[in-house]
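Step one of this worksheet: look at the structure below.
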Protein chains: 2
Amino acid sequence: MKPKISDVAKVAGVSPTTVSRVLNNRGYIGEETRKKVNDAMKHLNYFPNDVARSLFIKKTFLIGVVFPTTSNPFYGQLIFHIENIAASLGYKILLCNSQGQEDKERSYLRMLQRNQVDGIIAGAHNRGVKEYDIPTLPVVGVDRYLSKNIPVVSSDNYDGGRQATQLLINKGCRNIIHINGPSYLETPANLRRKAYEDVMKENQLTPITYETAGDNQAVIQQLFDENPLVDSIFASDDLIASAVIREAKLRKRNIPSDFKVIGYDGTETTRLLLPELSTIQQPIREIAQKTIDILIKEINEEENHSEMETILPVRLIESETT
Amino acid sequence: MKPKISDVAKVAGVSPTTVSRVLNNRGYIGEETRKKVNDAMKHLNYFPNDVARSLFIKKTFLIGVVFPTTSNPFYGQLIFHIENIAASLGYKILLCNSQGQEDKERSYLRMLQRNQVDGIIAGAHNRGVKEYDIPTLPVVGVDRYLSKNIPVVSSDNYDGGRQATQLLINKGCRNIIHINGPSYLETPANLRRKAYEDVMKENQLTPITYETAGDNQAVIQQLFDENPLVDSIFASDDLIASAVIREAKLRKRNIPSDFKVIGYDGTETTRLLLPELSTIQQPIREIAQKTIDILIKEINEEENHSEMETILPVRLIESETT
DNA sequence: TTTCATATGTCAACCGGATGACATATAATT
DNA sequence: AATTATATGTCATCCGGTTGACATATGAAA
């Protein structure tokens, strides 16, 4: 059986209250007593039961983290930073991979509430899921609008979209096409597309957008077939950009002289696996930091309604595909 | 204030015990009563407090998951599957990114014990960390030997190493060099290197191994400088393989005619970003599945000491770099 | 009519730890 | 000698839910 406070007390020859005092550093404790208690804890291999503690203090130091999947390099890296920063502040992460499925998302939210998490960070959100609006529970969205009352942190998607498009234009491209993932998500990432359209129009060019739905390759082939004159593509993430490069090579397009590609995200993994890809890099660490800052403030009820939307700057990485 | 069982009881006009009976489906419950209780729960937006529940039943349905970082595509994908399968079985994941640091690993282990996790899955392990040997707590290792008493699940690293090396030999290579990450980890992955050495010797070839330490690029440059005749490289993971490809291109080596590269892991992300890379693909989903199977069995004390080491088959993916 | 399965309530104990109230004792200050 | 800061103990209560024991009531089957 796991030792409890009373077992420690017995071994140390003190009262359970004294042990609790040592553990929580409350009231007066003598140096020798503190030592006796600590020795007893070591001897018994005692670990305080945080479940019991949480029940009493009504705080778990748990943060629920809901994203589509850790498998995606962007989310993987973001979650890494979130976990790291949270850990340094004494918070722990309950991980949820919603896979973009409404029912999973909903059941994760129930689970998190049952587990009495102190707050939720979510970057997954399907239109149908209204359950994020929980009056008693702090929530922060990353790159997703969850509700009017929930703060969002994202990078400057509009500026990123402008920079990417402008770069292609500066390099002499005229038949620039944009590809993005499913747009049914209420996401600030849609601003990338908006920026693309704006910049194109400002330059008297016609914006054309394709949308992938799971199978990138099919859409990309269709894009090339339907637009033989396309001279460049702005992809809304690096994975799509990579697929574009592949298809362009199959079609004997010469990159970057004859055909240019720019992606979006600039994760560590992409930088390692596909360093030649030009891309718009999101400040992932900073997004994680800001998200946690805001969440912790909400948890501590230092409400700060000035921060309903936080937008962090992106960085253009020009490499060999533009 | 969050509603509790007694609040639900009041609204439903029944006793707290009856509510608990409905929640746990115990004893006799009338259909109308069940409905009244469920309606009351919906009306109050009641969620059972799993912290209180866990305290009493002495089970949290929490699994601690300790890996170096979700940012790495292999771990990201593995953790995704672990979380997924665990969720389908009613278990939740407490995420820990140890970053290969002993002190972090140790403090995570303490944290997990305080949180009364039902079990731990760990793929991080520094030699100095003996704390995994916790008599009362089920632990399963993934691709890492944690202790004599802890089951390990891995893919067939030796066979993978053999296949990779053999492929290069079959393609006519003779000056094959192996690169792997830091080998101070007690990992079955060292078998990849062992297999490489064995196959080389069987073919009267001299094995040469380089080891990276954080900075891949420097080691790779050194490798090329010191071995001008090198005609192929077997890298112990895809990220290193990618760096090798890059350096080879800089040195005007023609892949695959003049120079060949094979990697290891074959994650989704690598397949998307670098599909041309030949690699040994690990069965990540199956590793996750088997790991959880074993862990859950241990948790339920269906001890199965026949499974101290589980080895799953790998798959050679031959693409364009060999 | 008796027995029994069904249905619900009351009550108390328990899970492990936190905390406030209060008692007691020693040593240091005033 | 009186006061006070320090140190520790005892005891009861609470956190929210679970569970076993026991009482009670109804309708159906034996």
Describe the nucleic acid contact of [X] in one word from base, sugar-phosphate, nothing, applying a heavy-atom distance below 4.0 Å.
{"X": "A:V19", "value": "nothing"}
{"X": "A:V14", "value": "sugar-phosphate"}
{"X": "B:D50", "value": "nothing"}

Query raised in the report: If we ignore angles and hydrogens, is there a donor and acceptor under 3.5 Å between the side chains of B:N157 and B:D143?
Result: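 Short answer, yes.
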Requested in this report: Would you indicate whether B:K59, at its atom NZ, is surrounded by more than 12 heavy atoms from other residues, nucleotides or ligands within a distance under 6.0 Å?
Outcome: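 Atom NZ in B:K59 is packed in, count exceeds 12.
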**Report entry** Qualifying residue, where the test is side chain to side chain contact (heavy atoms under 4.5 Å, CB included) with B:T291 and the options are B:L295, B:I287, B:I294
**Finding:**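 Only one option passes, and that is B:I287.
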Closer than 4.0 Å, any side-chain N/O of [X] to the OP1 or OP2 of [N]?
{"X": "B:S20", "N": "D:dT18", "value": "yes"}
{"X": "B:K59", "N": "C:dC15", "value": "no"}
{"X": "B:R53", "N": "D:dT18", "value": "yes"}
{"X": "B:Y46", "N": "D:dG17", "value": "yes"}

Query raised in the report: With a 3.5 Å cut-off and just heavy-atom distances, do the side chain of A:T17 and the base of D:dC11 make a donor-acceptor pair?
Result: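 It does, because a donor-acceptor pair links the side chain of A:T17 to the base of D:dC11 below 3.5 Å.
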Report task. Select from B:S15 and B:A52 the residue whose nearest nucleotide in DNA chain C is closer to the 5' end of that strand. Result ->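 Taking each residue's closest nucleotide, the earlier one in sequence belongs to B:S15.
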Report task. Before giving the answer on salt bridge (Lys or Arg N to Asp or Glu O under 4.0 Å), spell out for A:R106 and A:E102 the whole-Å C-alpha distance, their side-chain angles and the decisive distance to 0.1 Å. Result -> CA-CA 6 Å; A:R106 249 186 281 264; A:E102 281 188 29; 2.8 Å; yes
Query raised in the report: Which nucleotide sits closest to the side chain of A:I57: D:dT19, C:dG17, C:dA18?
Result: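 So the nucleotide nearest the side chain must be C:dA18.
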Report task. Using the closest heavy atom to pick a nucleotide of DNA chain D for each, name whichever of B:R26 or B:P3 lands nearer the 5' end. Result ->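 Mapping each residue to its closest nucleotide by heavy atoms, the 5'-most match is B:P3.
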